[in-house]
Amino acid sequence: MNSPYDELIKDVRKLLELLSAEINKDVTAYVNNVIRAPSQYGYIALPMHSIIREYGDIGNIIKDKILPKLKLIDNVSLINGYLNISVNIAEYTNIVLRIINSLGEKYGISEKCPVGNYIIEHTSANPAKPMHIGHGRNAVLGDSLARLLRFCGASVRVHFYVNDCGDQMPYVGIGYYVAKDTVVKRVNEGVKPDEVIGIVYSVTYAVSEIKRLSKQIEQLSNEGKYDEANKLISERDEWVSVINNFMEKDKELTEVLLKGLGRFEDLPLMVKQWSRNYEEGDEYVRKVIREAIDLVLRGFRVTLDRLGISFDSWDFESEVAVDNGGVFRVINELSRKAQQYVERDNGALVFRADKYVQDLKLWDELKLPKYIPKATLLRSDGTSLYLTRDIAYALWYWDNFKFDKLIRVIGSEQAHPQAQLRLALYAMGYQELARRLIHYSYEMVNLAGMKMSGRKGVYVSLDDLLNEAKSRVMDIVRSRFSPEEADKVAEAVAVGAIRYSFLSVSPNKPLTFSWDKVLNLRQNSGPFIQYTYVRTNGILDKVTEIPKAQIPSNIANEERELILMLGEYPEIIAKAAQELRLEYIIDYINKLSLLFNSYYEKYPVLNAEPGVREFRINLVNAVKTVLGNAMNILGIPRLRRM
RNA sequence: GGCCCCGUAGCUCAGCAUGGACAGAGCGGCGGCCUUCUAAGCCGUAGGUCGUGGGUUCAAAUCCCACCGGGGCCGCCA
């Protein structure tokens, strides 16, 4: 017995079984239609309009013949075609408190929770610049999913895919190559390494763009195409202003980069070469780029640590998809197994995912969008694309781990490539892998009125977000705690605020970032939950042990509501875990907190009369257990005082 | 143009998959509450043609169709 609500439903089922016998009609299926009743009518209700129309007043039958046989159902009433059910609250309270007390931190687990083996891949930010708030949404979603499934008893591995073969890497590498000394100096001075490399990347990219555009402009001018040339000139000006911005941020580093990069006659071509050399395993290029990446990842870890996020594995794309022959294998197996869907197009190799899905009608089986574009696997110069390596990466998982579900937290803008990926796996003969792969999609995070651009350095970094949140909290707690304690509390509250705000909006809604919303310290926020938790501690810290309690004869309305809500917790957890919907838990703890705070203001606990006091202490302890338990799942830090 | 997601109170969002009784929170507004377990709180109040129009149903914010508005994707980028 681990779900109080489920015990109640068992009685509802029994009621329906007995009713079926009485009226000679099987109505047991109605147990699946339980809804919440308006509070004046009871706790739960069954819409039974047609039955009531046909059989008239079944209420009296239930009251006279059935209720005496049920333990948890107190009374029923028929109103407007609804069978309203009220709970024997004393009996139910006993069950709720007993289950919560005996299960403690484990309360919430039930048979309905999914178990099995999961792999979750999330965050996977490109190692070129600091993570921004978009990565924050990804990271918090992924980490909370992992925590939720682990809580349920599933075995979960969490992976970070290090995109070290991406197009951004050669810029990072070349920039680092020319400015290494300055970079190392900055890092030793205590600047976050990902921030330093971020400047290196952006400036290098900007310089390369300027060189590329200049060449085009010259050519267009020579051809007399001045309109087109002018367009490119204003584009070039944008990149110049990007560089000017970094001049203000770090003059020395930017100048070193400009000087060093100036030496390279054809930087855009060099970028292509480095890219190729990296993929082919050129030792020197590998060494330089990997050094820079390691710096970035060091910075990532600091940020992720602050948010309470950790990984079991960091998978380098070059290792899991290229060096192990993955790309080669993808091209080979796909060409062999799905020959008629692989074709050459101007020297590039293309997988006709569009035709394949049409012919095999896989939309339902793989949950695909109706439109699938063609997928290019190899460029005409023979190098692989992200998608190709992504297919190889999926195969690497398949070869090395056992899992029932592979959940990848990736933005919704990648819906098409992710669909192509599953189709390619299917076509290669890995149908089961294709079915187990879940694209856990989330919509973008936008800056109000502005578009984020990593390349142009226009974004709010996760570090900025954490620091700003912390300093706002600091203003409040400085006077209450010693400096060290204040720092700890401020950090924890900042993390709670940020995680909550990312989790409180459904992933399929675009999230418009606003400081006011994320840094909200009031109701419907992380700090509000933390504060409520602290209040339970404030009471419980003053008692030496949780006393045995009798259920008082008159239970206050708020107490009744609390008991009912606490009893529903395992249902919420099971539903959230089955559907991978973390918002359900957020919604639940916010409601529970509102309810508890209302109760807290109205009823004394420690000073209550004997008998009632013990009961209330138990109730507060139950709230604390459930709240704390949910906070763990969502990664909202728990505090004793704040 | 095709595909995916979204449209609910001034603002931010729950609720929609599995249709049910007067559509819920928070922020912001207005008015109150700190000699009593932390006021990051609580109480009260105002605020809604659930984008629009049809359809299905005893019953539609929820399901179906059409349309309108916003975002994303349709690259030899990731």
Side-chain angles (χ1 to χ4, degrees), chain A residues 32-33 35 37-38 40-41 45-50 53 79-82 84 124 126 128 163 165-169 345-350 354 368-374 376-387 389-390 410-417 419 441-444 446 454 473 476-477 480 493 497 501 504-512 514 516-517 520-532 534-543 579 581 583-584 586-587 590-591 593-594 597-608 616-617 620 641-642:
Chain A
N32 298 315
N33 290 342
I35 58 169
Q40 69 271 28
Y41 297 147
L46 299 169
M48 299 183 77
H49 301 76
S50 58
R53 214 174 299 134
I79 299 163
N80 296 336
Y82 296 89
N84 295 296
S124 303
N126 288 332
N163 212 225
C165 294
D167 271 9
Q168 303 176 329
M169 289 306 109
D345 181 9
N346 285 321
L349 195 74
V350 175
D354 53 332
L368 300 167
K370 295 215 171 49
Y371 169 76
I372 308 276
K374 300 185 214 180
T376 305
L377 298 174
L378 291 177
R379 295 188 182 90
S380 40
D381 67 2
T383 53
S384 66
L385 279 96
Y386 175 80
L387 173 66
R389 300 188 296 265
D390 219 17
I410 301 174
S412 69
E413 71 273 13
Q414 287 205 45
H416 286 149
S441 161
Y442 66 97
E443 291 287 332
M444 305 181 63
N446 306 300
V473 179
I476 301 173
V477 293
R480 300 185 192 177
V493 173
S501 78
S504 61
V505 177
S506 297
N508 60 0
K509 287 211 186 183
L511 196 154
T512 304
S514 88
D516 284 347
K517 171 120 207 276
N520 171 27
L521 310 177
R522 311 285 275 267
Q523 288 175 168
N524 195 5
S525 76
F528 176 61
I529 308 300
Q530 291 172 311
Y531 183 73
T532 309
V534 163
R535 278 184 147 180
T536 63
N537 274 324
I539 294 170
L540 296 170
D541 277 350
K542 294 183 181 64
V543 299
E579 301 172 28
R581 297 281 295 271
E583 321 87 271
Y584 294 163
I586 285 281
D587 190 53
N590 188 50
K591 281 187 181 141
S593 296
L594 284 168
N597 279 309
S598 182
Y599 175 62
Y600 178 95
E601 301 275 343
K602 233 165 142 181
Y603 298 91
V605 175
L606 298 174
N607 295 327
R616 289 187 179 164
I617 290 171
V620 172
R641 306 196 312 135
M642 68 187 271

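Letters A, B, ... are given to chains in the order of the sequence lines, protein chains preceding strands, and every chain is numbered from 1.
- Within 4.0 Å of A/Ile539, counting heavy atoms only, lies at least one base atom of the nucleic acid.
- Among B/A40, B/C73, B/C76, the nucleotide with an atom closest to any side-chain atom of A/Pro527 is B/A40.
- Dashed line: the shortest gap from a side-chain N or O of A/Arg53 to OP1 or OP2 of B/C58 is not under 4.0 Å.
- Closest contact between the side chain of A/Val473 and the listed nucleotides B/C5, B/A40, B/G2 involves B/A40.
- Contact between the side-chain N/O atoms of A/Lys542 and the OP1/OP2 oxygens of B/U38 is found at a separation under 4.0 Å.
- In this entry the distance linking CG of A/Leu594 with P of B/A25 reads 9 Å, nearest Å.
- Of the candidate nucleotides B/A40, B/C4, B/C76, B/C4 has the atom nearest to the side chain of A/Pro369.
- Among B/G72, B/A21, B/G26, the nucleotide with an atom closest to any side-chain atom of A/Tyr41 is B/A21.
- Here the C1' atom of nucleotide B/G72 and the OH atom of A/Tyr442 are 13 Å apart, to the nearest Å.
- Annotated stems with RNA chain B as a participant read B:1-7 with B:68-74, B:10-13 with B:24-27, B:29-33 with B:41-45, B:51-55 with B:63-67, given as range with range, by first number; only runs of 3 or more Watson-Crick or G-U pairs under 3.5 Å qualify.
- In this structure, the nucleotide among B/C74, B/A39, B/U36 sitting nearest to the side chain of A/Tyr371 is B/C74.
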Open item on the list: Return a single string for nucleotides 7-17 of chain B, one symbol per nucleotide in 5' to 3' order, where B is base contact, S is sugar-phosphate-only contact and - is none, cutoff 4.0 angstrom on heavy atoms.
Closed with: S----SSSS-B
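- Nucleic acid contact class of A/Ile79 (heavy atoms, under 4.0 Å, all strands): base.
- A/Asn80 contributes no side-chain N or O that forms a donor-acceptor pair with the base of B/A59 under 3.5 Å.
- In this structure, A/Thr532 does not reach the B/G41 phosphate: none of its side-chain N or O atoms is under 4.0 Å from OP1 or OP2.
- Atom CG of A/Asn33 and atom P of B/A59 are 18 Å apart (whole Å).
- Checking the phosphate oxygens (OP1, OP2) of B/C37, no side-chain nitrogen or oxygen of A/Arg616 falls inside 4.0 Å.
- Counting only heavy atoms from C-beta outward, the side chains of A/Glu443 and A/Ser506 never approach each other to under 4.5 Å.
- The side chain of A/Pro38 lies closest to B/A21 when the candidates are B/C4, B/A21, B/G41.
- Between A/Arg379 and B/G75, a side-chain N or O to OP1/OP2 separation shorter than 4.0 Å is absent.
- Of the residues near RNA chain B, A/Pro373 and A/Lys602, the one whose nearest nucleotide (by heavy atom distance) lies more toward the 5' end is A/Lys602.
- Each of B/C76, B/C3, B/A40 was ranked by its minimum atom distance to the side chain of A/His416; first place goes to B/C3.
- The base of B/C5 has none of its N or O atoms less than 3.5 Å from a complementary donor or acceptor on the side chain of A/Ser412.
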